Amino acid sequence: MIDKAQWKNLVQSRLQNMYETSGHEGKLADVVLQVPPKPELGDLAFPLFAFAKAFSKAPNILAQQLSDDINALTDKPDGEAFAAGPYMNVRLNMDKMVSNLYSQIVSQSSEYGKTKTLDGRKVMIEFSCPNTNKPLHLGHVRNDCIGQSMSQILKACGADVMKVNLINNRGVHICKSMLAYKKFGNGETPESSGIKGDHLVGNYYVRFAQWEKEVLDKDIADLVAKGTDPAKAEEIAKANNGPDLEAQAMLRDWENGVPEVIELWKKMNRWTLDGVDETYRNTGISFDKYYYESDTYKLGKDKVLEGLKKGVFQKAEDGAIYIDNSDIGLDKKILLRKDGTSIYITQDIGTAINRHEDWPFDSLIYVVASEQKYHFKVLFHVLDKLGYPWAKDLHHLSYGMVFLPEGKMKSREGTVVDADDLIKSLTEMAREEIIEKGRDEELDDVDQTSHDIALGALNYYILQFDPNKDFVFNPKESLSFNGNTGPYLQYMGARISSMLRKFEEVKGDYDNVSFDPSVLSLEDERELIKMVGSFPETVGKACKQYDPSVICAFLYDMSKRFSHWYHDNQILKADTPALVKARVCLCQMVLQAMRNAFDLVGIPFLEKM
RNA sequence: GAUUCCAUAGCUCAGCUGGAUAGAGCACUUCCCUCCUAAGGAAGGGGUCGCGCGUUCGAAUCGCGCUGGGAUCACCA
């Protein structure tokens with residue numbers, strides 16, 4: 001909205017002019033434009049410290065001379081320059097801009113904030129990637145929130161986005177839940193037990209861990225009883241753990257396509273995926289394409305062999321193929337086992353190449369926890385070595401771990417915050433609060449509203465942190481609807497909506513009153529306008545930094561400013577019709593920016609709450 | 001040993017392309033609903049921005065070195 005570049009260029013050229021007319025030669029350094037820390041200091045600030053030496057004058061004097069010079073211009077942009085100590089600041093006359101902004105927002109409505117900075121760029125983003133042996137927990141929720149939100153932000157910047165999910169549906173860990181089910185399941189099904197499919201399968205994954213431990217403990221005890229040294233006994237027992245060996249045998253059967261195993265695998269996968277899909281639907285997560293590891297795990301082998309032929313990879317004495325990463329200061333990494341089978345990275349090499357063939361992306365973003373930084377560093381390097389020019393367009397959007405007050409979450413030990421449980425308890429909390437506040441009769445659908453508040457709380461809570469950082473989730477302290485939270489934002493949205501509904505009733509009285517921005521002279525009003533106007537820029541920043549928390553901060557700042565303003569000032573009962581009209585227009589602008597920002601971070605907008 | 005991330009108020013976090021008295025929320029102490037939804041607003045206390053050195057007119061912000069903490073460095077995923 002504010003044409004900062006125009007002012008910056010003007011200041012640069014006037015300063016240069018002053019420099020030359022005072023007998024100097026050469027080009028001055030670039031001026032720096034910043035935002036003054038307090039509204040009474042104007043809208044733009046140009047610190048002049050850096051030019052003091054060149055001019056041999058104190059920055060305060062430069063600021064004075066420069067502002068006089070600029071104010072004397074007949075064709076300067078709309079605004080007044082003034083010296084503020086060593087800074088030359090500008091107070092803008094925003095009336096014309098505000099009128100333009102208002103009509104822009106009204107005509108663009110839900111499109112306001114979108115830009116064309118990534119117009120035509122094809123961006124693939126991979127996130128979630130659940131295992132089919134357990135339900136989603138808080139760690140997955142962070143991944144999902146970041147992935148979904150980044151997709152929205154990328155789209156808002158004009159990118160053509162393809163959201164992909166890679167289902168981890170094979171491997172020995174999957175066989176573990178299958179084996180436990182086969183052993184202890186007694187034919188239980190989601191229908192017969194009333195347990196959601198992913199939770200049912202998850203129970204057997206935990207059951208396997210118990211069983212494994214029982215057997216292990218017993219074997220160790222037996223060996224010790226026979227006189228084996230305890231440390232040695234543990235080593236022997238671990239290497240010969242029955243459940244573990246059975247799981248490995250089952251994996252071999254799976255790879256050999258033994259019908260009975262495949263059938264069980266399909267059945268249990270379906271249970272988990274149906275359950276996980278329900279969680280996705282419940283939390284507003286969606287994908288454009290699903291990939292399944294069972295289809296992709298063999299990809300990549302040929303590429304590794306090609307690399308060997310080209311001489312970018314080496315073969316070890318035992319036959320394993322590896323890459324020497326000493327050129328980037330890392331260790332060797334095996335890419336293919338000595339028996340010729342694929343490992344994790346082999347598969348990732350294959351899927352990346354496969355995806356680029358499927359849909360030639362301009363960039364591919366992997367939303368994966370920071371634990372795997374090393375892995376991606378190696379992966380990208382491998383693809384670069386293989387000669388794929390798009391290797392430089394791969395990006396690992398790494399995010400920190402979610403810890404509990406007791407430490408790390410462990411699904412095998414059952415110390416996880418389950419996603420479904422979390423949403424359920426948040427929804428329940430929201431419902432209680434609605435009833436306590438007596439809002440239930442006002443609302444059209446208490447269930448839906450409770451759920452939307454829960455979702456707003458969860459998404460905002462998780463996305464407000466810098467993705468890079470780990471955070472501790474303390475259920476008691478984290479789950480709040482007061483203060484800097486999603487429901488606070490939703491509440492502001494609902495309040496504005498409520499006012500605008502009331503305005504509708506008397507709208508006819510204002511048909512002949514036009515929007516005059518000049519009556520919006522309060523500091524809060526100017527600040528709100530500037531915030532609304534900066535929304536497109538904010539979206540751009542979030543996109544560039546791969547950081548949805550930028551949007552959260554924007555929302556909170558704007559809502560906070562709005563609450564302060566409407567607490568102290570009447571809107572519908574303002575002193576003059578012109579003021580009522582102008583304030584209502586401001587409310588409309590704020591509301592639109594807010595709604596559009598909500599969309600980017602998964603906070604449901606509520607007309608009432 | 002290598003790679004990497006982090007360290008700001010009692011707690012949880014913003015601020016970091018260098019700039020004007022370092023900001024929120026929670027918690028604590030007060031005040032404000034005959035007034036557009038109090039899931040709100042106002043005021044107060046609370047900080048050697050982990051430590052040191054350097055670059056600079058100027059450093060929470062940049063560089064280097066420490067200290068403390070997390071993660072990774074599997075022919076697991």
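Letters go in sequence order (proteins before strands), and every chain restarts at 1. For the numbers below, each heavy atom of this structure counts, side chains included, while hydrogens, waters and symmetry mates do not. Here the structure is a predicted model, which is why all the values come from computation and not from measurement.
- None of A/Tyr344, A/Phe380, A/Tyr366 except one satisfies the side-chain contact (heavy atoms from CB on, under 4.5 Å) rule with A/His375; the exception is A/Tyr344.
- Contact check on A/Glu255 versus A/Arg170 returns a salt bridge, with a Lys/Arg side-chain nitrogen under 4.0 Å from an Asp/Glu carboxylate oxygen.
- Here, B/C16 and B/A60 have their C1' atoms 8 Å apart, quoted to the whole Å.
- Look at CZ on A/Arg561: it is 14 Å from C1' on B/G41, rounded to the nearest Å.
- Taking for each of A/Val550 and A/Lys377 the nucleotide of RNA chain B with the nearest heavy atom, the 5'-most of the two is the partner of A/Lys377.
- As judged by a 4.0 angstrom heavy-atom cut-off over every strand, A/Lys608 is placed among the base-contacting residues.
- B/A7 sits 10 Å from B/C49 when the C1' atoms are compared, rounded to a whole Å.
- Base-pair partner of B/A24: B/U12 (Watson-Crick or G-U wobble, both distances under 3.5 Å).
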Nucleotide N/O of nucleotides 29-36 of chain B paired with protein N/O under 3.5 Å:
unit_1, atom_1, unit_2, atom_2, d
B/C36, O3', A/Lys502, NZ, 3.2
B/C36, O2, A/Leu572, N, 3.4
B/C36, N3, A/Ile571, N, 3.2
B/C36, N4, A/Tyr566, O, 2.6
B/C36, N4, A/Asn569, O, 2.4

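- A cation-pi contact, defined as under 6.0 Å to the ring centre and within 45° of the axis, links A/Arg355 to A/Tyr291.
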Close N/O contacts between protein and nucleotides 67-73 of chain B (under 3.5 Å):
unit_1, atom_1, unit_2, atom_2, d
B/C73, O2', A/Asp331, OD2, 3.0
B/C73, O2', A/Tyr374, OH, 3.4

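- Aromatic rings from A/Phe465 and A/Phe473 are positioned such that their centres are separated by 6.0 Å or more.
- Regarding A/Asn325, its CG atom lies at a distance of 11 Å from the P atom of B/A74, rounded to whole Å.
- Looking only at side-chain heavy atoms (C-beta outward), A/Thr485 and A/Gln490 stay at 4.5 Å or farther from each other.
- For the pair A/Phe481 and A/Leu41, nearest-nucleotide mapping onto RNA chain B gives the more 5' position to A/Leu41.
- The side chain of A/Tyr488 places an N or O atom within less than 4.0 Å of a non-bridging phosphate oxygen (OP1 or OP2) of B/G41.
- A syn orientation is assigned to B/C33, its glycosidic angle lying within 90° of 0.
- Between A/Glu428 and A/Arg431 there is a salt bridge, with a side-chain nitrogen of the basic residue lying less than 4.0 Å from a carboxylate oxygen of the acidic one.
- Contact annotation: A/Asn484 side-chain N/O to B/A14 OP1/OP2 distance is not under 4.0 Å.
- Figure legend: cation-pi geometry between A/Lys176 and A/Phe208 absent, as NZ or CZ is not positioned both under 6.0 Å from the six-membered ring centre and within 45° of its axis.
- Between A/Lys530 and A/Glu527, at least one side-chain nitrogen of the basic residue sits less than 4.0 Å from a carboxylate oxygen of the acidic one, meeting the salt-bridge criterion.
- For the segment residues 436-452 of chain A, residues with any heavy atom less than 4.0 angstrom from an atom of RNA chain B are, sorted by number, A/Lys437, A/Arg439.
- Between B/A59 and B/U55, the two P atoms lie 12 Å apart (nearest whole Å).
- Residue A/Lys560 is classed as a sugar-phosphate contact, given heavy-atom separations below 4.0 Å to backbone atoms only.
- Here A/Tyr322 lies out of heavy-atom contact (under 4.0 Å) with every strand.
- Separating the C1' atom of B/G18 from that of B/U56 is a span of 9 Å, rounded to the nearest Å.
- Across all strands, A/Tyr344 comes closer than 4.0 Å to base atoms (heavy-atom distances).
- When heavy atoms are screened at a 4.0 angstrom cut-off, A/Val32 is found touching no nucleic acid atom at all.
- As judged by a 4.0 angstrom heavy-atom cut-off over every strand, A/Ala369 is placed among residues making no nucleic acid contact.
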